[in-house]
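First comes the structure, then the notes that go with it.
Count residues from 1 along the sequence. Just so you know, ligand 1 is whichever comes first in the structure, and atom 1 is the first atom listed for that ligand. Just so it is clear, the model here is predicted, and its values are computed rather than measured.
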Amino acid sequence: MKRKVTKAIFPVAGLGTRFLPATKSVPKEIMTLVDRPLIQYAIDEARAAGIKEFIFVTSRGKSALEDYFDTAPLLEAELRRKGKDDLLELLKTTNMDSGAIAYIRQQKALGLGHAVWCARRLIANEPFAVILPDDVIAAETPCLQQMVEAYAETGGNMVAAMEVSDEKIGSYGVLDVKEDMGSMVSVKGMVEKPDAGSAPSNLAVIGRYILTPKVMQNINRMKQGAGGEIQLTDAIADQVNTSEGVYGFRFRGQRFDCGSKAGFLQATVAFALARDDLRTEFMQFLNEMTAINKAAQ
Ligand code: UTP
């Protein structure tokens, strides 16, 4: 019987330099796709997957994130007075049960692996999920839920994977595939950001993981040994030839890299077009813009 995954780590301690100057005072995770912050998409996905404990690895300057999940007594009283029940309902999705959310500080941005390691005491000896809120995934069944369902069959370690073109594969962690079983692949190696032409496959790892406590122990070892950034990929790769193994999961859905400006803009357009209250007006605007751009060329 595999242990259920009920804990998720959200590493949000990065500097977000690609969005400067905005991220000088606004955490990247609070930036909005239409009217919902990136972190809300991540939390909703985790909830759908059955996560009960939400562990944020934060850093200096991220207090807006903590406030976001708090109650807002003045605002709520005002909305109640005005009879805005729909908005009060909406705000409920931002609240967390007492004790369900924890914040851990990563004092230095030593890399994703280190950020995950900062949560080791709260994870203890359980499997856990890691969600990078930068990766927003539009999907009929939320991505982590798909993974939790697959994990119930396989156990082990599981990373979300997607096909990426030759030109772009060098920006990702890449899977060396042992056996391709369709939606799932078993993995015999992982390479972080391979040099041009040397990627072992086109299957890239993106920001959803289900990991065993062993991975945490692997990071522990790396912490003692390595300088510079501590890579999560390396700690997962150490598990490939063990009885646990590592699996890549080809999720069904569209992933947006909201850590980059182009990806963030693409997500904004996609999520706006998916909204009944915005679609018609926004589509008209996009058509006009496209026509103007074509005419100018
Ligand atoms: P990124 O590589 O996107 O870095 O981190 P970043 O600092 O957020 O953004 P840029 O590149 O400077 O624009 C991927 C994820 O890992 C977290 C980030 O918060 C993000 O969710 N992270 C990264 C940490 O929590 N700590 C780190 O030391 C590094």
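- In terms of polar-atom proximity, defined here as any N/O pair under 3.5 Å, Pro11 does make such a contact with ligand 1.
- Of the protein's heavy atoms, Gly111 N, 2.8 Å lies nearest to atom 28 (O) of ligand 1.
- Contact atoms of ligand 1 toward Leu112: 16 (O), 29 (C) (distance under 4.0 Å to a heavy atom of the residue).
- The atoms of ligand 1 that sit less than 4.0 Å from any heavy atom of Ala109 are 28 (O).
- Protein heavy atom in closest approach to atom 13 (O) of ligand 1: Arg18 N, 2.8 Å.
- Distances below 4.0 Å separate heavy atoms of Leu15 from the following atoms of ligand 1: 7 (O).
- Every atom of ligand 1 is numbered from 1 in the order shown, and the set under 4.0 Å from a heavy atom of Ala115 is 24 (C), 25 (O), 26 (N).
- Scanning the protein heavy atoms around atom 12 (O) of ligand 1, the nearest turns out to be Thr17 OG1, 2.5 Å.
- Looking at Leu110 next to ligand 1, an N or O pair under 3.5 Å apart turns up.
- Close contacts of ligand 1 with Gln106, meaning ligand atoms under 4.0 Å from a residue heavy atom, involve 24 (C), 25 (O), 26 (N), 27 (C), 28 (O).
- Residue contacts with ligand 1, taken as heavy atom pairs separated by less than 4.0 Å, do not involve His114 at all.
- Taking the six-membered ring where the residue is Trp, the centroids of Phe19 and Phe264 are separated by under 6.0 Å.
- Applying the salt bridge (Lys or Arg N to Asp or Glu O under 4.0 Å) test between Asp134 and each of Lys261, Arg208, Lys28 identifies Lys28 as the sole match.
- The protein does not reach atom 5 (O) of ligand 1 closely, with no heavy atom under 4.0 angstrom from it.
- Taking any N or O of Ala13, backbone or side chain, at least one lies under 3.5 Å from an N or O belonging to ligand 1.
- Closest protein heavy atom to atom 14 (C) of ligand 1: Asp134 OD2, 4.2 Å.
- The protein atom (non-hydrogen) at minimum distance from atom 22 (N) of ligand 1 is Gly14 N, 3.7 Å.
- Protein heavy atom nearest atom 8 (O) of ligand 1, with residue, atom name and distance: Lys28 NZ, 2.7 Å.
- Using a 30° and 60° split on the angle between ring planes, Phe271 and Tyr41 fall in the perpendicular class, above 60°.
- A distance below 6.0 Å separates the ring centres of Phe56 and Phe69.
- There is a protein heavy atom closer than 4.0 angstrom to atom 19 (O) of ligand 1.
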